[in-house]
Each structure stands twice: as C-alpha cells, then as structure tokens.
Amino acid sequence: MQTNSPAIATSLSDLIEALKGEVLTDSFSLGMYATDASIYQIFPLAVVLPKDESDVKKALEWANSNQVTILPRGGGTSLAGQTVGNSLVLDFSKYMDQTLEINTEERWVRVQPGKVRDVLNDELAPLGLHFAVDPATSSRANVGGMVGNNSSGTKSILYGKTVDHVLEAKVLLADGTGMHLKNTDAETYRQIALKGSREGEIYRRFKEIIDKNSALIEQKFPKVMRRVGGYNLDEFIHTEDWNLAKLITGSEGTLATTLELKLNLEPLPSFKSVCVLHFAELLDAVGAVTSILPYQPSAVEILDKIVVDLSRENLTTKRHCHFIQGDPAAILIVEFYGETLSDVMDRPTQMIKELQEKGLGYAFPLFPQGPEYEDVWVVRKKGLGLMLGIKGKKKPLPFIEDAGIPTQHLREYIDRTLQICKKHQTEVAMYAHVSVGVIHVRPILDLRDQADIERLEAIAEDTFQLVMEYGGSWSGEHGDGLVRSPFNERFFGAELYQAMIQVKRLFDPENRMNPGKIVEAEPMSRNLRYGNRYQDQAVEPVFHYRSEQSFQESVHMCTGVGECRKLLGGTMCPSFKATRDEEHTTRGRANALRMAMSGQLDEKGLRSERLQETLSLCLSCKACKSECPSNVDMAKMKSDVMQWYYDANGASLRDKMIRDAAGMARRFSGKLAKPINFLQSSRLFRKSLEKIAGFDSRRTLPAYASESFSNWFEKNGGKQKKTGKKVALFADTYLNYHEPSIGKAAVKLLNDCGYEVVLANVGCCQRPKISHGFLRDAKTEGKPTVEKLLAFIDQGLPVLVCEPSCASALNDDFPDLFDEKEVADKLTKNVLMIDVFLAREMERGNLNVRFRSKGKGLQIHGHCHQKALYGTQAMKKTLGEPASCTEIPSGCCGMAGSFGYEKEHYALSQKIGAEVLFPAIQNAPEGSELVASGFSCRHQIDHFTGKQAKHWVECVEVIPE
C-alpha cells in the first residue's frame with residue numbers, strides 16, 4: 001500500500017504549484033474522501049480538484065513519475081466501494097461540471113464528467129429533453145460516475161442502462177495517452193487498429209481478445225438486462241459496429257480517466273401516472289410483477305414494511321406519505337408514461353382490475369402527474385437513505401443487494417434469500433426495481449462485531465450460489481467495487497476472467513487506474529469502514545441524544561449516501577452549495593467527527609482546532625435533520641463539539657458576545673435604545689468592533705426597541721376581549737426587545753381569531769447559546785424559562801412562538817437538553833409556531849374564520865428551522881387561495897444567526913443568499929408583500945437587497961364577517 005512518504009510529500013508541493021485547481025493533503029480532508037456510501041474506508045494519498053483538462057494531464061504526469069495510482073471520483077455515492085482507494089483521487093465535481101454543447105435536433109449533449117445528473121436535466125427540461133437514466137442518487141450523482149458505474153435506475157425497464165446512452169467519450173489513459181472513443185464501423189475500426197500508436201495497439205489487441213473469447217462471452221454473461229459486472233465485453237458481440245466508449249462505461253475508473261462525454265437524450269414523456277399497490281404479504285408483492293409487466297409500465301418499484309415505516313417517521317418524507325393506506329407488508333410503485341392522459345390512466349385501471357380479480361393487493365391509489373404523483377416519488381427516492389439510517393449499531397448493509405434475477409424466478413429467489421438470512425440469524429430490509437428483477441435486499445448487521453463480519457461473508461457466499469443457480473447477475477446496477485469484484489473469477493469462469501485481466505493490462509499495463517476493482521481484488525471483508533478493531537472514544541455530551549441512542553450513534557447515522565451534496569432544491573447543505581467542497585457537506589463533517597472520535601486523525605480528537613474549522617461553515621440550519629434520509633442532526637452534534645472545544649481552549653470575546661446577546665438586548669432596549677442604536681450604526685464603532693471582536697464592519701448590529709413588547713403588553717394586554725379561549729404567546733428576545741411590532745401584530749391576529757392572549761414573558765429560549773455551543777449555560781439558564789413555560793402548559797394553554805429559531809430551541813433542542821423526559825414531551829407537544837397552530841385549529845374545525853393577505857399577495861421565504869421542523873405549508877394553508885401566496889424556493893438566506901456578521905463568513909453569507917433568494921426578491925411581482933418569519937432572514941434581506949421583509953403575522957388579516 002502506498003504511503004505519504006517524505007519524498008511524496010515534497011513532490012506533492014510541486015504538484016500544488018503546477019495546478020490551477022486544488023490539492024488536498026491534510027488528514028481531515030483525506031479522511032473525508034476515505035469513504036463513500038459503501039461499507040469500506042481507505043485513505044487516499046491526496047485529492048486533486050482539477051479546474052480543467054490541463055490540470056488532469058499534469059496530475060496524471062505527476063502520478064506516473066511518482067508511481068502513484070489514480071482514482072477518478074465524482075459525487076462519491078458508490079455503494080460497492082468503487083470510489084475509495086489509496087490513490088491520487090481526482091474529484092471532478094467542483095470545477096469540471098460544465099455542459100459544453102446541446103444538440104436538440106440530433107438529441108445529444110456534451111458534458112464534463114462532474115456534471116450532476118439532475119442539474120443537467122434541469123437545463124434540458126425547457127428543451128423537452130432529458131438524460132433518461134435516473135438512479136436514486138440523481139440529485140448528486142455526477143454523469144462521469146454514472147458512466148463509470150454503468151448506472152440505471154427506476155426507469156431501466158424503459159430506458160435501459162447508461163451504456164445504452166453513451167455515444168462518445170474523451171479519455172486519458174494512465175500514461176497520458178488521449179483517446180476519443182466513439183462508434184466505428186468495421187472498416188474504420190480496422191484502419192485505427194493498423195496504426196502504430198498506443199491507440200492502434202489498443203484497438204488491435206482488444207479485437208483479438210473479443211474474437212478469441214466471443215463464445216465464452218455469449219455463454220457466461222447473464223441474460224438479464226440488469227447486468228453491470230465485469231467489463232462490458234458483451235457489447236462487442238453480435239454487432240459489426242464497435243464503440244470503445246461502451247467499454248469505458250462500467251469500468252469503474254480502472255481503464256481510463258474520462259474528460260468529456262457525449263450522451264444520448266430522450267424526449268420528456270407527455271403524460272405520467274403512478275399507482276401504489278398495497279400488499280399484506282411481501283412475497284405476494286414480489287410475485288405480482290409478472291401480472292404487471294404486460295401493461296407496459298415505465299417503472300415498478302418495491303418498498304418493504306421497514307422502509308414504509310421509516311418513511312412515515314422521517315421529518316421530510318412523512319409529509320408525503322398520505323398515499324399509504326393501512327399497514328402494508330410491502331408496496332409496489334407502478335409508473336406509466338404515455339402520449340395521452342387517458343392512456344396513462346386506462347392501463348393502470350385495467351391492471352388494477354386484473355390484480356383484484358386475482359386477489360393480489362388490498363389498496364390501489366392512482367394519481368396522474370401532479371403533487372400526489374411527486375409525493376410518491378419523493379418517498380421512493382428517499383428509500384435508500386432511510387433504510388441505511390436505521391438507528392442502532394446494526395445497519396442494513398449493501399453487499400448482496402445488487403443481484404439481478406430473471407423476473408420469473410424472482411419470488412422464489414427472494415424467498416430463499418430471506419431463508420438464508422434467517423439461517424444466519426439476520427434481519428433484512430429491501431426496496432427497489434422489481435420490474436427488472438433487482439430487489440435490493442439489505443441484511444442488517446454491525447460490522448464492529450466479528451460474528452456479524454462472519455455472517456456478512458457467509459450470507460454473501462450462500463446468496464452468490466443462489467444467483468448462479470438462477471442465471472442471474474451478481475452486479476445488477478451498483479457495480480463490482482470492493483464488495484463484488486472478489487467473486488468475478490468464479491462468476492465468469494477462470495478463462496473469461498483472464499480475458500478481463502488482459503483488457504485491464506491493455507489499457508493500464510502498470511495497474512495505475514483504481515486497482516483492486518473488477519479484477520484482482522482483495523477479499524470482500526478487507527478495508528471495512530468499521531471492523532472488529534474499531535472503537536469510539538468515550539464522550540460526555542450535554543444533549544441526551546435520546547432518539548439517536550448516543551452521541552456516537554448520532555455520528556454513525558451518516559452512511560455516506562450524499563444527499564447533502566444536492567445542488568437543486570431544499571436547504572441542505574447551504575455552505576456546500578456555495579463552496580462545492582466535500583468538507584462542507586453534512587457527510588464530510590460526519591466523517592470528520594467519526595474519525596476524530598475514533599482517534600484516526602490528530603491527537604486532540606473531538607477537541608481539535610482542525611475539527612472546529614471543519615464545523616465552522618455549518619450554519620446549524622437543521623436542514624440535515626429533515627432532508628438527510630438518515631436524519632443526521634449536525635447542528636446538535638456541532639453544539640456539543642463546540643462545548644468540548646471551549647472546555648479545552650476557552651471562548652473568544654466574539655463567542656462570549658454572542659452567548660450574552662439576549663442579556664444585552666434586555667439591558668439596551670428601552671431608554672438606552674436610541675443612543676445605543678446611534679453608536680452601533682457609526683462607522684467608528686463598526687470598525688472598532690471588527691478589530692476587537694471580528695464582526696464585519698459592513699454590517700450594523702440589530703437595532704433595539706425604545707419600548708419592549710412586554711412593556712407594551714403590560715399597558716394594553718388587559719384591553720382584550722374575554723372569549724374563553726386562551727393561548728400563551730412566547731415573548732422571544734427578538735420580538736420583545738428588537739421588533740415589538742411583530743408581537744403587536746400577533747396579538748391582533750389572535751384576538752381577531754377569537755383568542756385571548758396571555759403573555760409568556762419567561763426569559764430567553766437560549767437559542768444563541770445552543771447554536772454557539774454554550775450548552776451547559778443554556779441548560780442552567782434555560783431551566784427557569786422551561787419551568788415558567790410549564791405553568792402555562794399545565795393550565796392547558798398552547799405556547800405560541802413567532803420566531804422559528806426560538807420555537808426550535810423550545811420544542812426541539814430543549815427536549816433533548818433537559819433530563820426529565822416528561823418535561824421534554826410536554827415541550828415537544830405544546831410549543832407551536834403561531835401559523836402551525838392556526839392552521840391546525842382550522843383543520844380541526846375550532847377556528848371558523850377566513851384569512852387574506854394584505855397587499856397583492858405574499859412572497860414567502862421560509863426560515864431554515866421552520867422548513868426543517870415545521871414546514872411552510874401552514875402559512876399557505878390558512879390563506880386557502882394558492883394564487884395569493886407564493887413560496888420562494890430559496891434554501892438558506894445565508895445569515896444564520898451570527899454567522900453572516902462574522903468577518904470571515906461575510907462573503908460566503910452573501911453567496912449563499914445570492915444563489916436563489918436575492919434574485920427572486922429583486923424579481924418579485926410589484927406590490928407583493930415579502931414574508932420572512934426569521935429575524936436573521938429579514939436582516940439579511942434588508943442588508944443585501946434593500947427590501948423590507950415582514951413577519952407572516954404582519955402580512956395576513958382576518959376577513960371581517
């Protein structure tokens with residue numbers, strides 16, 4: 001194995017100087033690239049983020065001169081371990097991600113390998129085209145990785161695999177030889193093979209290999225469509241036209257480095273529908289596929305009870321699970337494409353009738369394309385991550401899940417596979433592409449346990465024999481990598497396996513390209529991410545981690561599927577979307593925490609300064625808690641790690657100022673407000689504060705109110721009409737001492753709804769302390785606040801909150817911070833956002849009023865905590881008229897409490913807001929009201945756009961009877 005020797009380290013300095021892109025060499029960065037979504041971990045030698053082709057060539061030259069192996073990588077979402085190795089990793093995802101050319105007439109596109117599949121399709125959609133291959137990871141999967149893996153996905157029954165859509169590939173061999181691979185007829189191929197060049201040698205000798213082994217290829221390659229094991233030698237029999245780009249496809253980076261790809265495009269379907277078939281028995285669902293396929297669906301996907309139940313619990317997916325009826329053992333998601341609406345509704349209707357006649361299934365909801373259709377696919381796409389995120393030491397692991405079985409044998413195969421797992425005392429979860437015989441069966445094991453490592457090997461061996469018996473494919477879509485490559489010699493036979501080694505040697509004679517994948521692999525149980533020697537260091541967190549079971553298990557919930565790398569939609573992960581650095585993904589931070597916690601990085605472990613640097617761009621937005629399929633709560637873990645860092649190193653002046661912000665607000669509002677506000681806005685003060693504490697001088701700290709809301713309420717609260725219905729309104733710091741107008745508007749709105757308001761002026765929710773890592777202070781100082789809140793709750797009063805970050809502190813953070821579980825449950829159930837409460841009361845029939853927006857409609861920007869924990873639907877539902885309320889698909893505004901005020905984060909704060917939010921505000925319809933319920937959001941919007949946003953309660957009113 002290569003090591004980072006002094007000579008290599010010196011040489012890496014030369015590489016850093018030579019490249020326009022970046023070279024990462026520190027242990028934290030390498031640790032973040034040591035894993036993917038598989039069960040493996042291998043530290044790379046270094047990581048290069050090339051800016052262009054010249055950088056790639058220089059990196060390969062350096063690797064050659066230093067006898068270093070090369071590993072091309074994109075999103076790092078491999079489930080088989082293809083993208084980890086002790087090599088020079090080339091990460092194309094940051095810079096080499098451009099669309100180079102689109103030809104709508106001939107329906108093709110040219111892209112760089114780092115292009116994200118969903119981003120590409122977002123660009124193609126206005127042209128009525130799409131790159132049709134759709135793996136579950138499409139929101140972050142790089143096209144280069146899809147080609148390297150030969151990905152497929154849910155629509156493979158219709159569109160096949162990536163190999164069916166690759167037209168051309170521009171590649172570099174390990175020795176620096178460039179090749180442009182494309183379709184050639186027999187004569188053109190012969191002419192190239194006659195050349196005396198490296199290219200000519202490859203064309204000539206490759207044909208010799210195919211000609212010699214064509215009978216074996218015909219005999220040994222599985223006859224199922226979903227086959228991606230080994231090299232795609234079967235693409236070169238039964239045809240006169242050869243395209244070596246199809247050999248590069250599925251080669252897992254073992255033959256060449258891809259610089260550019262030309263891909264086939266398909267027209268977008270005119271109409272779609274989806275039917276969700278519910279089954280009381282799992283095997284009935286599997287067996288039903290033979291009755292479904294004659295109706296020509298575009299996809300048939302299975303989710304078992306484990307995934308269904310997890311979907312109903314996950315903060316994001318549970319909002320989309322309305323279509324699940326009863327308690328199914330499994331559901332089949334059956335999709336239809338067509339040219340007319342009647343076509344995509346008639347075929348499933350006929351299918352349902354046949355299934356009912358056969359007694360298959362008990363519920364059959366059918367949806368045309370629209371919100372409900374999208375809900376179904378949200379749940380399906382999140383299924384993989386949800387399954388991997390099962391809490392506890394045992395996880396559903398990807399090692400036998402990729403078998404592709406002829407559909408006529410699928411029910412029997414699944415039954416026998418379940419029996420194998422039962423024999424080895426192992427539970428399973430499953431999901432995926434029943435239409436093409438690829439059901440991802442995941443045995444649930446703990447690879448820190450030697451007995452479970454032995455079970456992994458035994459289950460793999462038994463299942464492998466079963467796949468061979470049914471004539472299936474051992475690698476159906478996730479590829480060989482480290483987990484299935486060791487089986488390839490037995491699967492294909494010694495002679496054909498030797499032919500594959502010859503192909504590897506032909507393209508890569510010195511074994512430089514991603515060695516150990518496809519051929520000449522180590523045993524599958526080597527290089528495990530955990531293994532029986534893995535051990536976490538003991539920690540004493542302040543949070544309880546009740547739902548996660550411990551701080552350590554909270555870290556281990558990250559499985560590496562990389563949803564945090566998505567570039568379109570959602571909020572997670574705002575700093576990654578702006579920087580495109582792996583370090584600033586939730587996955588990167590979780591990897592750093594895991595390795596620091598197990599002593600794999602530096603001697604300081606979780607108190608390391610470098611770990612603080614890794615966490616510094618986490619905005620504590622909580623989006624990962626809902627958008628991550630595994631619900632990794634990085635904001636919570638960051639707070640504990642910051643507390644440990646303060647314990648070891650102390651806190652800075654700026655840290656302490658943020659900690660004490662609520663106390664300062666209480667002291668500076670009222671009579672001192674005017675002079676303090678004047679002082680804060682002065683250039684001299686801002687420059688001094690920047691120098692002393694690091695708050696950027698371009699920002700002005702929030703102004704204080706001349707009269708606090710609590711003082712106003714003391715004078716005016718008694719004037720309310722006695723209605724018999726009471727609610728408690730929490731006087732948060734921002735509403736109380738900075739913007740009392742929001743409190744006044746909230747009181748009026750609640751009064752107009754028939755509620756008498758009781759003011760809960762009980763102290764700070766401790767949000768600044770919690771988010772900034774002063775957890776012990778938050779727990780101590782928050783205790784009186786909680787005790788006073790309980791007095792209202794015990795009277796039966798709901799506690800309503802206007803500020804989303806305060807609501808999240810009270811009903812999400814406090815419940816896990818405090819020791820008494822009963823107190824935690826009361827806070828979780830009885831502290832509500834004001835809009836959520838009103839929408840709930842309307843749904844329950846307790847509120848018989850109608851709302852309308854002031855002005856010409858609302859443009860809503862949701863606060864991160866609001867979107868993550870409560871959603872923005874309540875603000876829109878109360879209005880009842882969609883036309884009067886539009887939500888900006890804005891993600892994070894970039895302010896995130898104190899983050900945007902900190903000098904070193906100012907530019908990034910601006911960049912995050914400029915991704916979507918600022919342009920949307922500038923282009924908002926004239927006369928519309930801009931709604932931002934977050935205090936930080938309103939200040940960020942004002943600072944960078946000059947627009948005045950208001951809280952939701954200020955923008956809606958009750959329609960008079």
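Counting from 1, the numbers follow the sequence of the chain as shown.
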(message) Quick check on side-chain contact (heavy atoms from CB on, under 4.5 Å): which of M895, R698, E690 does Y901 satisfy it with?
(response) M895
(message) Looking at E707, is its backbone amide N or carbonyl O close enough to the side chain of N711 to form a donor-acceptor pair, meaning the two atoms are under 3.5 Å apart?
(response) no
(request) Only counting residues at least two apart or in another chain, list the ones meeting side chain to side chain donor-acceptor pair (under 3.5 Å) with E954. (result) S741
(request) Give the minimum heavy-atom separation between M557 and S630, together with the two atoms involved. (result) CE-O, 2.7 Å
(message) Salt bridge or not between D732 and R767? Use side-chain N to carboxylate O under 4.0 Å.
(response) no
(message) I need the F935 CZ to Q940 CD distance, nearest 0.5 Å.
(response) 12.5 Å
(request) Measure from NZ or CZ of K744 to the centre of the six-membered ring of F709 and say whether it is under 6.0 Å with the direction within 45° of the ring axis. (result) no
(request) Give a yes or no answer on whether the side chain of K674 reaches the backbone of S706 with a donor-acceptor pair at less than 3.5 Å. (result) no
(request) Consider only side-chain N and O atoms of S933 and E803, and report whether a donor and an acceptor are under 3.5 Å apart. (result) no
(message) How close do A592 and F28 get, counting heavy atoms only, and between which atoms?
(response) CB-CD2, 4.2 Å
(request) Run the ring-centre check on F551 versus F543 and record whether the distance is less than 6.0 Å. (result) no
(request) Before accepting this row, confirm whether a basic side-chain N of the pair R319/D375 lies closer than 4.0 Å to the acidic partner's carboxylate O. (result) no
(request) Please name the pair of heavy atoms, one in F678 and one in S681, separated by the smallest distance, quoted to 0.1 Å. (result) O-OG, 2.9 Å
(request) Decide side-chain contact (heavy atoms from CB on, under 4.5 Å) for Y545 and D633; before the verdict, give the C-alpha distance in whole Å, the side-chain angles of both, and the deciding distance to 0.1 Å. (result) CA-CA 10 Å; Y545 297 92; D633 192 344; over 6 Å; no
(message) Using 0.5 Å steps for rounding, measure from the CD1 atom of I692 to the CE atom of M657.
(response) 8.5 Å
(message) Let me confirm one number: the CG-CG distance from N761 to L729, rounded to the nearest 0.5 Å.
(response) 10.0 Å
(request) Measure across G562 and R587 and return the closest heavy-atom pair with its distance rounded to 0.1 Å. (result) CA-NH1, 4.0 Å
(request) Work out which heavy atom in E123 is nearest to a heavy atom in P126; give both atom names and the distance. (result) O-CD, 3.3 Å
(request) Return yes if some donor-acceptor pair links the side-chain N/O of S639 with the main-chain N/O of G773 below 3.5 Å, else return no. (result) no
(message) Under a 4.0 Å threshold between the charged nitrogen and the carboxylate oxygen, would E548 count as salt-bridged to K636?
(response) yes
(message) Walk me through whether V561 and T137 qualify under side-chain contact (heavy atoms from CB on, under 4.5 Å).
(response) CA-CA 8 Å; V561 295; T137 56; 5.6 Å; no
(message) Aromatic contact between F576 and H584, with the criterion being ring centroids under 6.0 Å apart: yes or no?
(response) no
Sequence neighbours excluded and cut-off under 3.5 Å, please list the side-chain donor-acceptor pairs for residues 912-931, or say none.
unit_1 : atom_1 : unit_2 : atom_2 : d
N923   : ND2    : P919   : O      : 3.0
S928   : OG     : P925   : O      : 2.7

(request) May I ask you to test the L615-M634 pair for a side-chain heavy-atom distance under 4.5 Å? (result) yes
(message) Are more than 12 heavy atoms, taken from residues, nucleotides or ligands other than K950, located less than 6.0 Å from that residue's NZ atom?
(response) no
(message) Ignoring hydrogens, what is the shortest heavy-atom contact between D118 and L568? Give both atom names and the distance.
(response) O-CD1, 3.6 Å
(request) Could you tell me whether K51 sits above the aromatic face of Y95, with NZ or CZ closer than 6.0 angstrom to the six-membered ring centre and within 45 degrees of the axis? (result) yes
(message) With salt bridge (Lys or Arg N to Asp or Glu O under 4.0 Å) as the criterion, how do D812 and K625 come out once you've worked through the C-alpha distance, each side chain's angles and the decisive distance to 0.1 Å?
(response) CA-CA 11 Å; D812 185 58; K625 179 165 182 172; 2.4 Å; yes
(request) Pick out which of S626, C806, S805 makes a side-chain contact (heavy atoms from CB on, under 4.5 Å) with H865. (result) S805
(message) Working note: E781 + R659, criterion salt bridge (Lys or Arg N to Asp or Glu O under 4.0 Å); need CA distance, chi angles, decisive distance, verdict.
(response) CA-CA 11 Å; E781 296 178 29; R659 177 193 65 189; over 6 Å; no
(request) Report yes if the side chains of L749 and W952 come closer than 4.5 Å at any heavy-atom pair, otherwise no. (result) yes
(request) Kindly state whether the ring of Y737 and the ring of Y704 have centres lying under 6.0 angstrom apart. (result) no
(message) If we ignore hydrogens and angles and just use 3.5 Å, is the side chain of R654 paired with the main-chain N or O of G694 as donor and acceptor?
(response) yes
(message) I'd like to know if the side chain of S682 reaches the main chain of F685, judged simply by a donor and an acceptor atom lying under 3.5 Å from each other, with no hydrogens or angles considered.
(response) yes
(message) Taking P798's backbone N and O only, do any of them form a donor-acceptor pair with N830's side chain (distance below 3.5 Å, no angle check)?
(response) no
(message) So, taking the atom named CD in Q910 and the one named NE2 in H905, what distance separates them when rounded to the nearest 0.5 Å?
(response) 15.0 Å
(request) Apply side-chain contact (heavy atoms from CB on, under 4.5 Å) to V956 and K854, showing your working. (result) CA-CA 6 Å; V956 297; K854 300 175 183 178; over 6 Å; no
(request) Could you tell me if the ring centre of F944 sits under 6.0 Å from that of H939? (result) no
(message) Taking D942 first and then K947, would you say they form a salt bridge - that is, a charged N and a carboxylate O separated by under 4.0 Å?
(response) no
(message) Has T614 got a side-chain atom pairing as donor or acceptor with Q612's backbone, closer than 3.5 angstrom?
(response) no
(request) Answer yes when K94 and E22 have at least one side-chain N-carboxylate O distance shorter than 4.0 Å, and no when they do not. (result) yes
(message) How about NZ on K691, more than 12 heavy atoms from neighbouring residues, nucleotides or ligands closer than 6.0 Å, or not?
(response) no
(request) Answer whether the closest heavy-atom distance between the side chains of N736 and R666 falls below 4.5 Å. (result) no
(message) Using side-chain contact (heavy atoms from CB on, under 4.5 Å), reason through H951 and L735 one step at a time and then give a plain yes or no.
(response) CA-CA 10 Å; H951 193 285; L735 173 156; over 6 Å; no
(request) To the nearest 0.5 Å, tell me how far C753 SG sits from F837 CZ. (result) 8.5 Å
(request) Given side chain to side chain donor-acceptor pair (under 3.5 Å), test Q866 with H863 step by step and report yes or no. (result) CA-CA 5 Å; Q866 185 178 20; H863 183 280; 5.8 Å; no
(request) Flag the pair D813 and K622 as a salt bridge only when some basic side-chain nitrogen lies within less than 4.0 angstrom of an acidic carboxylate oxygen. (result) yes
(message) I need the full list of side-chain hydrogen bond (donor to acceptor under 3.5 Å, both in side chains) pairs touching residues 565-577, with sequence neighbours left out, sorted by first then second residue.
(response) S93-R565, R565-E582, K566-E627, S575-R589
(request) Could you please spell out the steps behind the side chain to side chain donor-acceptor pair (under 3.5 Å) verdict for S909 and R699? (result) CA-CA 12 Å; S909 171; R699 299 275 197 184; 3.1 Å; yes
(request) Please determine if K656 and D660 form a salt bridge, counting it only when a charged side-chain N lies under 4.0 Å from a carboxylate O. (result) no
(request) Check the side chains of D835 and Y870 for a donor-acceptor pair under 3.5 angstrom, ignoring hydrogens and angles. (result) no
(message) Main chain of G862, side chain of K867: is a donor-acceptor contact present, judged purely on distance under 3.5 Å?
(response) yes
(request) Mark yes or no for whether T785, through its side chain, and C764, through its backbone, hold a donor-acceptor pair below 3.5 Å. (result) yes
(request) Drop me the distance from N121's CG to K115's NZ, to the nearest 0.5 angstrom. (result) 10.5 Å
